[in-house]
Amino acid sequence: MRAVRLTQVGKPLENADVPVPEIGPTEVLIRVASAGICHSDAHYRAGISKIDRLPLTLGHEVAGRVEEVGSDVTHLSAGDRVCVHYLVHCGSCEFCVRGLEQFCRSGQMIGKHRDGGYAEFIKVPGANAFPLPDEIPFEAGAIMMCSSATALHALNKARFKAGESIAIFGFGGLGFSALQLARAFDCGDVYVVEINPAKLASAANMGAIAIHARTEDPVEQIKKATAGRGVDVALELIGSAKTMRQAVICLGALGRAALVGLTAESISIFPYAELVNKEAEIIGVSDHLASELPLLIEFARSGKLRFPPETLCVVDLDGAQINAALDALQDSIDHVRTVIVPKA
Ligand SMILES: [Zn+2]
Ligand SMILES: [Zn+2]
């Protein structure tokens, strides 16, 4: 089968011809219909995130049709539409038994620790394949399994409830999903903080209150808009110390700031005024859980989470096209996500 693989860190991905994977009794073989191209993949290619073994087929955002089912897999049949949960876990360690598989002692990420979806076929444990309703296009089914799933996890970690107000710092792929998911939860006012006018305009079109961070301090703007109260929940999706601090100090009483972005910088907080007195909370967010995916899939099935055609760009399963898409990710400023749709 055709696959597009990382053979050397820092070098372009290469077209390869590899055997179709053989599945064991607990696994399924999926014919890939769509695979999302993600910022993480650019980091693997560049060597910013370490890969243990090469060559490796990248691609952790995958949807397709079941081609073959292992004898122990009972919830799927050949021909079923599925999307893939990218964390392969043991199911029996102290974290897995509590449903916290992102901390699994022997967890593996598809497309990083084992071959991913930049290929005609992928094998995954049956437990990682979730039925994909007909209403959800394969392209959406693929890309929602990364940024949308993590945005939902952030809302869950922040214990976000109907009627609550929320500030979303950063309106890239995560923010685009977070806004739609917050609305699916029947949120109160949503503030989207950005410096990019086009992104602010699209957030406003989707019902958010646009906060341009360059015109005036965004925390002041949020305080004014909330009559001094601050917001119930803030999501930091950018990964900068500055916006992390803003996400914390824009909170009102009992507010929760969920930090999703990555940074090596430290942040400073004045404990009494900014945290203790408000009983505010700062919460770290990493990946997402299998148990969250059925609700995510239902939001997408019912149209509450959408990726309109103008937000998608399609390429073939081809090294040159995928490398170009990864290059373009470095300086992307819009919402367009690129997905691989292998030509027959
Ligand atoms: Zn991803
Ligand atoms: Zn485990």
Side-chain angles (χ1 to χ4, degrees), residues 4 6 13 26 32 34-46 48-51 56-64 83-119 122 124-128 130 138-154 170 172-178 181 237-239 260-262 285-293 296-297 300 305 307 311-313 315 322 325-330 332 335-341:
V4 173
L6 181 64
L13 307 186
T26 62
V32 176
S34 188
I37 296 179
C38 182
H39 259 107
S40 311
D41 298 319
H43 288 170
Y44 301 147
R45 188 183 65 166
I48 297 168
S49 313
K50 289 276 169 292
I51 297 275
L56 177 80
T57 304
L58 299 187
H60 56 270
E61 306 177 0
V62 184
C83 51
V84 173
H85 177 38
Y86 62 53
L87 289 171
V88 174
H89 53 285
C90 75
S92 57
C93 71
E94 74 267 38
F95 292 111
C96 282
V97 294
R98 290 158 63 202
L100 302 170
E101 74 274 5
Q102 86 264 53
F103 305 117
C104 176
R105 294 283 177 192
S106 53
Q108 288 191 320
M109 177 153 174
I110 289 170
K112 181 180 183 190
H113 303 115
R114 48 188 286 152
D115 283 335
Y118 290 8
I122 181 175
V124 302
N128 284 69
F130 283 71
F138 284 118
E139 292 84 350
I143 60 179
M144 74 183 192
M145 300 305 277
C146 183
S147 52
S148 310
T150 300
L152 178 60
H153 186 55
L174 278 160
F176 185 73
S177 292
L181 294 169
L237 309 174
I238 296 166
V260 186
L262 306 178
V285 178
S286 179
D287 281 323
H288 55 269
L289 299 169
S291 59
E292 295 170 311
L293 296 174
L296 182 77
I297 292 167
L305 174 67
F307 298 91
T311 64
L312 295 177
C313 170
V315 298
I322 294 170
L326 288 168
D327 295 342
L329 274 180
Q330 326 277 30
S332 76
H335 287 124
V336 176
R337 297 290 316 273
T338 304
V339 290
I340 301 163
V341 175

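Just follow the structure's listing: the first ligand is 1, and inside any ligand the first atom is 1. Here, residue 1 is the first one in the sequence, and each next residue gets the next number.
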Worksheet entry | Short N/O/S contact of H89 with the Zn ion (ligand 2) (below 2.8 Å) | no
Worksheet item: Measuring to the Zn ion (ligand 1), does H60 have an N/O/S atom at a distance below 2.8 Å?
Response: yes
Worksheet item: For the Zn ion (ligand 1), does an N/O/S atom of E61 lie at less than 2.8 Å?
Response: yes
Practice prompt. Give, rounded to 10 degrees, the angle between SG (C96) and SG (C93) as seen from the Zn ion (ligand 2).
Written response: 110°
Worksheet item: Is there a side chain to side chain contact (heavy atoms under 4.5 Å, CB included) between I340 and I37 once you walk through the steps?
Response: CA-CA 7 Å; I340 301 163; I37 296 179; 3.8 Å; yes
Discussion item. Checking the side chain of H153 only, and the main-chain atoms of A149 only, is there a donor and an acceptor separated by less than 3.5 Å?
Written reply: no
Worksheet entry | Derivation of the ring pair (Phe, Tyr, Trp, His ring centres under 6.0 Å) call for H288 and Y86 | CA-CA 10 Å; H288 55 269; Y86 62 53; 4.9 Å; yes
Worksheet item: Can you tell me how far CG of L289 sits from NE2 of H85, rounded to the nearest 0.5 angstrom?
Response: 7.0 Å
